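Working notes for the structure below.
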Amino acid sequence: MVEPVRIVEPSRDDIAAIARLEKASFKAPWRIEFFESEIGAEGRYNRVALSEDGEILGYLFAMFFHDEMHVNKIAVSEATRRTGIARALMAHCVEFARGRKVRTISLEVRESNSAARSFYGQLDFQPTYVRRGYYPDGESAVVMTAKL
């Protein structure tokens, strides 16, 4: 990693910064209300990666139920991509999932996003199926799943 980061649970005070990073990262960003509803909700695993000075460099929002988990959102600031932050967020998520006896973790990734698909493949996520026209612009999503 470029600099040491802390992986912590986000607070309501972090929502504006998370929303800014979301808008900078995705063609079809979540509305701020979605993040507001996720903070503190039951069955959720949410984390932010903070720089030494407290800047949010990345985030991960996931939900779990019984033995399944789904990563809804993960993003890292453009300036700190490919520095290990996403890997650290995913490692924390997997560690939490194992502690909860989760057996599978799934996520969607744009079919055109070969870099993300490769990254998740390195983390033992396998393409499971394609959701045609999943995104608002009509692009399909590849559902990837990891068995723990």
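Just the heavy atoms: all of them, side chains too, but no hydrogens, waters or symmetry mates, feed the values below. Note that the structure is a prediction, hence the values are computed from the model and not measured.
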Interatomic distance, Leu107 atom CG to Met90 atom CE [nearest 0.5 angstrom]: 6.0 Å
Plane angle bin for Trp30 and Phe61 - parallel if under 30°, tilted between 30 and 60°, otherwise perpendicular: perpendicular
Atom of Gly58, atom of Leu21 and distance for their closest heavy-atom approach: CA-CD2, 3.8 Å
Donor-acceptor contact below 3.5 Å, side chain Ser37 vs main chain Phe34: yes
Same apolar cluster (I L V M F W Y, side chains within < 4.5 Å links), Tyr134/Tyr120: no
Between CD1 on residue Ile15 and CD on residue Glu38, distance to nearest 0.5 Å: 10.0 Å
Closest contact, heavy atoms only, Cys93 versus Ala62: SG-CB, 4.5 Å
Separation of Arg87 CZ from Leu123 CG (nearest 0.5 Å): 5.0 Å
Spacing of Asp124 atom CG and Leu148 atom CG [to the nearest 0.5 Å]: 9.5 Å
Main-chain N/O of Ala141 paired with Arg131 side-chain donor or acceptor, under 3.5 Å: no
Single-linkage hydrophobic cluster Ile105~Ile7, side-chain heavy atoms < 4.5 angstrom: yes
Please tabulate, for side-chain N and O atoms in residues 64-72, each donor-acceptor pair with protein atoms closer than 3.5 Å (sequence neighbours left out).
from: His70; atom 1: ND1; to: Ser106; atom 2: O; distance (Å): 3.3
from: His70; atom 1: ND1; to: Ser106; atom 2: OG; distance (Å): 2.8
from: His70; atom 1: NE2; to: Glu108; atom 2: OE1; distance (Å): 3.0

Flag side-chain contact, heavy atom, 4.5 Å: Thr80 against Glu55: no
Phe26 six-ring centre to Lys73 NZ/CZ under 6.0 Å and within 45° of normal: yes
All side-chain contact (heavy atoms from CB on, under 4.5 Å) counterparts of Glu33, not counting sequence neighbours: Arg31, Glu36
Gap between atom CG of Leu89 and atom CG of Asn46 - 0.5 Å precision: 11.0 Å
Nearest heavy atoms of Ile74 and Ala86, plus distance in Å: CD1-O, 4.0 Å
Main-chain N/O of Arg98 paired to Arg100 side chain as donor or acceptor, under 3.5 Å: no
Donor-acceptor contact present, side-chain Arg12 to main-chain Ile39, <3.5 Å: yes
Verify same cluster id: Phe119, Val143 (apolar side-chain graph, 4.5 Å): no
Single-linkage hydrophobic cluster, 4.5 Å side-chain cutoff, Met144 and Val94 together: yes
Separation of Tyr135 OH from Ser112 OG (nearest 0.5 Å): 9.0 Å
Neighbour count >12 (heavy atoms, 6.0 Å) for atom CD, Gln122: yes
Distance-minimising heavy-atom pair for Ala49 and Ile85: CB-CG2, 3.6 Å
Heavy-atom closest pair, residues Ile32 and Ala16: CD1-CA, 4.4 Å
Pairing of Arg132 and Glu111 as salt bridge, 4.0 angstrom limit: yes
Hphob cluster co-occupancy, Met63 + Ile18, side-chain heavy atoms under 4.5 angstrom: no
